[in-house]
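Let me begin by presenting the structure, written as structure tokens, before commenting on it.
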Amino acid sequence: MAFEKVKRSEDYSQWYNNIVNNADLAEHSAVRGCMVIKPYGYAIWEKMQQELDRKFKETGHSNAYFPLFVPKSLFEAEETNAEGFAKECAVVTHYRLINDPKNKGKLIIDPDARLEEELIVRPTSEAIIWSTYKNWIQSYRDLPILINQWANVVRWEMRTRLFLRTTEFLWQEGHTAHSTEQEAIEETLQMLDVYANFAQNFMAIPVIKGVKTANERFAGAIDTYCIEGMMQDGKALQMGTSHFLGQNFAKAFDVKFANKLGNQELVWATSWGVSTRLMGALIMAHSDDDGLVLPPKLAPIHVVIIPIYRNEEEFNKVTEIALKVKLELEGKSLSVKFDNRDTHKPGFKFAEWELKGVPVRIAIGPRDVENGSVEVVRRDNKEKQIMNMADLANKINHLLEAIQDNIYLKANTFLDNNIRPADTWEEFIELLDAKGGFVSAHWDGTSETEELIKEQTKATIRCVPLQNKLEEGSCIFSGKPSVQRVLFARSY
RNA sequence: CGGGGUGUAGCGUAGCCCGGUAUCGCGUCUGCUUUGGGAGCAGAAGGUCGUAGGUUCGAAUCCUGCCACCCCGACCA
């Protein structure tokens with residue numbers, strides 16, 4: 001395989017695309033805007049799924065599955081939500097193909113097979129789910145409903161990029177129903193914390209928790225909370241959202257319950273989701289010019305063992321040790337790959353596994369066999385060390401923990417260094433252009449101002465951080481009074 | 001959807017302006033030598049030149065439509 005190399009500092013977009021290619025994560029498909037997620041990429045997504053799924057169940061949720069199609073009449077029931085998505089919906093209008101009488105071997109849509117009611121391919125599932133919940137909820141005893149689904153959704157995007165924005169993508173969407181506003185808000189915030197913990201502890205990406213402004217809010221939500229990450233090129237990436245939906249969907253679908261006093265009340269709702277976009281975040285937050293860098297907790301392969309040898313006799317000796325090491329590490333629940341291909345030289349293998357981001361590489365050669373040692377190299381900082389074989393599994397485990405910590409610390413330092421205050425409009429623009437990152441600035445709280453700032457700078461308000469410090473000031477743009485700073489950034 | 005660019009073997013490309021059946025590197029296959037940072041030599045295989053039309057004796061090359069991808073806009077939870 002010939003690997004295309006572009007430095008991160010030279011062309012960030014191309015660098016990103018190359019990592020997706022070279023690390024064998026995904027490729028473009030025959031369908032515009034849709035990707036094929038390849039086995040290695042999917043293995044990483046599965047790791048994410050496993051941990052998130054565990055966290056969802058731990059917080060009392062169950063998985064279920066709702067249909068891909070949403071009848072148009074249901075879709076449009078919650079008007080704000082429907083309008084928000086209308087421009088990017090795929091629509092099914094027919095259900096049959098027939099042979100083309102004019103063109104043998106070709107098929108055409110059967111004009112007689114038009115659906116009475118069009119079906120929308122779900123861009124999100126609130127409509128179909130709330131039309132179902134209506135039937136499930138009569139009494140306060142039926143609440144709360146705490147459901148998650150793993151699914152694909154379709155949003156007809158103008159411009160796509162592998163993982164970051166594709167026409168079809170995979171995600172999970174949680175949809176919960178509650179008897180009180182308080183409980184729904186608590187649920188919204190709880191799931192935001194689940195996401196933030198996952199991002200920080202598993203993906204090793206520090207995030208800022210915040211609330212979206214009206215412009216950036218989910219269509220149909222009262223409040224949209226988010227976690228925002230900072231990529232290495234200084235652009236922000238929304239990594240997850242959690243919505244407090246109030247009673248909007250309950251009203252639209254007439255979902256009421258009898259409370260303890262026998263009175264009818266509207267149900268309170270939340271929804272929350274993360275998608276395969278997290279793969280994009282993972283790539284852009286940690287990787288370097290040599291390829292992908294994976295945090296150990298998400299690495300499909302923790303350790304790769306590469307044999308060094310000059311002849312069959314040496315290969316046999318080295319293999320014996322390698323297999324012993326492999327078994328010992330697997331005994332500690334580590335995923336280990338012994339790369340005994342005879343078709344590639346060690347140097348090639350080193351480079352290839354680095355491209356794929358495997359956290360730890362162990363090389364074993366004749367010298368090591370003699371000394372009872374192995375050469376251990378960590379992917380995150382390339383540090384090389386000779387380790388004695390004694391108690392190797394524990395040492396490797398500690399090393400993996402150290403790598404996980406180090407990757408996080410590095411990303412955290414980067415984030416800290418890329419949040420900068422601006423107090424004048426000139427300063428604001430200069431920071432955005434010269435440094436990127438988050439710019440913390442006062443804002444008068446109006447959508448008009450936010451819109452004008454976006455038009456002039458391409459920066460949007462990523463969020464109002466939770467527990468934000470209140471502070472008197474004047475809006476960076478309009479000069480009007482402001483009570484707090486918000487975070488601006490250019491974003492994906 | 002607007003502007004710009006690209007599409008030639010698995011990957012990366014030359015050739016296109018000025019029409020004559022395609023260049024080079026990597027990879028692949030065979031053999032030998034190699035193996036502690038992307039191996040060397042020798043030989044071999046592999047191509048509807050994105051796609052559909054048109055012009056022409058003849059099209060990778062010129063013209064038109066379409067498709068896909070990349071960059072910039074618009075759009076976007």
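Chain identifiers are assigned alphabetically (A, B, ...) following the order of the sequence lines, protein sequences preceding nucleic acid strands; residue numbering begins at 1 within each chain. The figures that follow rest on heavy atoms only: side chains count, while hydrogens, waters and symmetry mates do not. Computed from a predicted structure; not experimentally measured.
Nucleotide A60(B): unpaired (no Watson-Crick or G-U wobble partner with both distances less than 3.5 Å). The nucleotide U35(B) finds no pairing partner, because no Watson-Crick or G-U wobble arrangement with both distances shorter than 3.5 Å includes it. Nucleotide G7(B) has C67(B) as its partner under the Watson-Crick or G-U criteria, with both atom distances under 3.5 Å. C1(B) and G73(B) make up a base pair, with Watson-Crick or G-U wobble contacts both under 3.5 Å. Nucleotide U21(B) is matched to nothing when pairs are restricted to Watson-Crick or G-U wobble geometry with both distances under 3.5 angstrom. Pair assignment for A44(B) gives U28(B), based on Watson-Crick or G-U wobble hydrogen-bonding distances that are each under 3.5 Å.
Separation of the C1' atoms belonging to G7(B) and G12(B) is 13 Å when rounded to the nearest angstrom. Separating the C1' atom of C18(B) from that of U13(B) is a span of 22 Å, rounded to the nearest Å. With both ends at atom P, the span from U55(B) to U8(B) equals 27 Å, rounded to whole Å. A distance of about 11 Å separates the C1' atoms of G54(B) and A59(B), rounded to the whole Å. To the nearest whole angstrom, the two C1' atoms, one in A9(B) and one in G46(B), are 6 Å apart. On the P atoms, U21(B) is 13 Å away from U61(B), given to the nearest whole Å. Nucleotides G50(B) and C70(B) place their C1' atoms 15 Å apart, quoted to the nearest Å. Atom P of A45(B) sits at a distance of 14 Å from the matching atom of A22(B), rounded to the whole Å.
The side chain of Met158(A) lies closest to C1(B) when the candidates are C1(B), U35(B), C70(B). If you check C71(B), G36(B), U35(B) against the side chain of Ala363(A), the one that comes closest is G36(B). In the set G36(B), G38(B), C76(B), C76(B) carries the atom at the smallest distance from any side-chain atom of Lys87(A).
Per the geometry, CG belonging to Asn18(A) stands 11 Å off C1' belonging to G12(B), to the nearest Å. Atom CD in Glu352(A) sits roughly 13 Å away from atom P in G27(B) (whole-Å rounding). Rounded to an integer number of Å, the gap from Trp353(A) CH2 to G37(B) P is 19 Å. A straight line from CZ of Arg161(A) to C1' of C70(B) spans 10 Å, rounded to a whole angstrom. Between Glu157(A) atom CD and G73(B) atom P there is a gap of 16 Å when expressed in whole angstrom units. In this entry the distance linking CG of Asn316(A) with P of U35(B) reads 16 Å, nearest Å. Atom CG in Asn22(A) sits roughly 11 Å away from atom C1' in G12(B) (whole-Å rounding). Atoms CG (Asn81(A)) and P (C76(B)) sit 15 Å apart, rounded to a whole Å.
Atom CD of Gln456(A) is surrounded by more than 12 heavy atoms from other residues, nucleotides or ligands within 6.0 Å.
Applying the ring pair (Phe, Tyr, Trp, His ring centres under 6.0 Å) test to pairs two or more places apart or on separate chains, none has a residue in residues 362-390 of chain A.
With salt bridges taken as basic N to acidic carboxylate O contacts below 4.0 Å, one links Asp193(A) and Lys209(A). Under 4.0 Å is where a charged nitrogen must lie from a carboxylate oxygen, and between Glu79(A) and Lys251(A) no such pair does.
For G36(B), one of the phosphate oxygens OP1 or OP2 lies less than 4.0 angstrom from a side-chain nitrogen or oxygen of Lys345(A). Under 4.0 angstrom from either OP1 or OP2 of G27(B) there lies no side-chain N or O belonging to His344(A). Side-chain nitrogen and oxygen atoms of Lys384(A) include none within less than 4.0 Å of the OP1 or OP2 phosphate oxygen of G37(B). In this model, the phosphate group of C72(B) is approached by a side-chain N or O of Arg159(A) to a distance below 4.0 Å at OP1 or OP2.
In terms of position on RNA chain B, the residue among Arg367(A) and Lys458(A) whose nearest nucleotide sits closer to the 5' end is Arg367(A).
For the residue pair Thr188(A) / Ser242(A), no side-chain donor-acceptor distance below 3.5 Å is found, with atom types taken as modelled. Donor-acceptor pairing under 3.5 Å is recorded for the side chains of Asn381(A) and Glu383(A).
Of all heavy-atom pairs spanning Ala26(A) and Ile37(A), the tightest one is CB-CA, 4.1 Å.
Using a 4.0 Å heavy-atom cutoff across all strands shown, Thr124(A) reaches no nucleic acid atom at all. Glu375(A) comes within contact range of at least one nucleobase, with a heavy-atom separation under 4.0 Å. The residue Gly33(A) sits close only to the backbone: its heavy atoms come under 4.0 Å of sugar-phosphate atoms, none of a base. Within the nucleic acid shown, Glu354(A) comes within 4.0 Å of at least one base atom, counting heavy atoms only. Using a 4.0 Å heavy-atom distance criterion, Asp368(A) is classed as a base contact. Counting any heavy atom pair closer than 4.0 Å across all strands shown, Pro307(A) reaches no nucleic acid atom. Contact annotation for Arg277(A): no contact, since no heavy-atom pair falls under 4.0 Å across all strands.
You won't find any donor-acceptor pair under 3.5 Å spanning the side chain of Arg310(A) and the base of G36(B), going by distance alone.
Ring to ring, Phe56(A) and Trp272(A) are close: their centroids are under 6.0 angstrom apart.
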